[in-house]
Amino acid sequence: MATDPIQAAADAISARLKGAFPKIVLVLGSGLGPYADTLQDAVAIPYGDIPGFPISTVAGHSGRLVIGKARGLPVACMQGRMHLYEGHEAASLALPVRAFKRLGVETLLLTNAAGSLDRGMGPGSIMIVEDHINLTTRNPLIGPNDERIGPRFFDMSEAYDPALRADLKAAADAAGVPVRSGVYVQVLGPNFETPAEIRAFRILGGDAVGMSTVPETLVARHCGLKVAALSLITNLGAGLAGHALSHEETIEEAGKAAKSVSRLLDAFFAAQAS
Ligand code: HPA
């Protein structure tokens, strides 16, 4: 067995596949996990079978890597993701992304459930992430830098790939799914925000707030992967909705809107396959 942890994870994944690993990985956020069950010719590998993959403990997030085809395009889905608020060190979220890079992946497509900072973007809306603000005070790249993986100081000026964002918009239009674009603010969680925090994030330039995505984007950009992200708006942020927020509401709303996200993803993969 390889002693390099990235190689050990990559080897464990390859050992379960007949052919090459896909060029694109889709990370499924809260309530979006069932999309992985729509892949054709799928092979599912529980995270527990891949050395170094952190195990998700959140309700609504199973933990499997599902590899198959979406609309003819080979795709790998992370069905279930890890969050900083579960107690995972930011750095431990790096290994899966780096293993994908080692397997030849070029693109990481992230999805998340998020609260809206704008009354005009209500539950069920889909937002293409154009940029982010990291308010977690954590960074998976803290510590010694391995120059073979990526540079110490790396550029984040176009972290969310402009061409992929345009492709997602075109796919949404083709599928008849309304989308807008905006800035995603990541907080550490696990609590929902206070109304004062929501007002502050709006002033900072945010459009949506959530508890994931930024660590994966940082690790992926560090190692040269292209990144795109979609936020599924499950609720108005605290104080905007006029009622208390709950994880149950997040899961329920994500489940309701998951159909339009699936249509958008299908149209995106169909276009990438052709
Ligand atoms: N805040 C943070 N994360 C979230 C929210 C929210 O309002 N909704 C879904 N994920």
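All values below come from the heavy atoms of this structure, side chains included, with hydrogens, waters and symmetry mates left out. Order of listing sets the numbers, starting from 1, for every ligand and every atom in it.
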Can an N or O of G115 be found at a distance shorter than 3.5 Å from an N or O of ligand 1? yes

Using a 3.5 Å cut-off on N or O atoms only, is N235 in polar contact with ligand 1? yes

Which of the ligand 1 atoms, numbered from 1, are nearer than 4.0 Å to a heavy atom of [X]:
{"X": "T234", "result": "8 (N), 9 (C)"}
{"X": "T250", "result": "9 (C)"}
{"X": "M211", "result": "2 (C), 3 (N)"}
{"X": "A113", "result": "9 (C), 10 (N)"}

Plane angle bin for Y47 and F53 - parallel if under 30°, tilted between 30 and 60°, otherwise perpendicular: tilted

Among I198, V209, V187, closest by heavy atom to atom 4 (C) of ligand 1 is V209

Where is the nearest protein heavy atom to [atom]: which residue, which atom, and how far?
{"atom": "atom 6 (C) of ligand 1", "answer": "F192 CD2, 3.5 Å"}
{"atom": "atom 2 (C) of ligand 1", "answer": "E193 OE2, 3.3 Å"}
{"atom": "atom 3 (N) of ligand 1", "answer": "G210 CA, 3.4 Å"}

Would you say the side chain of I133 lies within less than 4.5 Å of the side chain of L135, judging by non-hydrogen atoms? yes

Do other residues, nucleotides or ligands put more than 12 heavy atoms under 6.0 Å from R138 CZ? no

Short side-chain donor-acceptor distance under 3.5 Å, T213 and N112: yes

Which part of A238 is near ligand 1, with near meaning a heavy atom under 4.0 Å away: side chain, backbone, both or neither? neither

Between D37 and Q79, does a side-chain contact (heavy atoms from CB on, under 4.5 Å) hold up when you go through it step by step? CA-CA 9 Å; D37 302 328; Q79 195 177 37; 3.2 Å; yes

Check for a donor-acceptor pair, side chain of Q7 on one end and backbone N or O of D4 on the other, with a separation under 3.5 Å.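 Checked: no pair found.
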
G29 backbone acceptor or donor facing T111 side chain under 3.5 Å: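 Between the backbone of G29 and the side chain of T111 there is a qualifying donor-acceptor contact (under 3.5 Å).
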
Measure from the ring center of H132 to the ring center of Y184 and say whether it is less than 6.0 Å. no

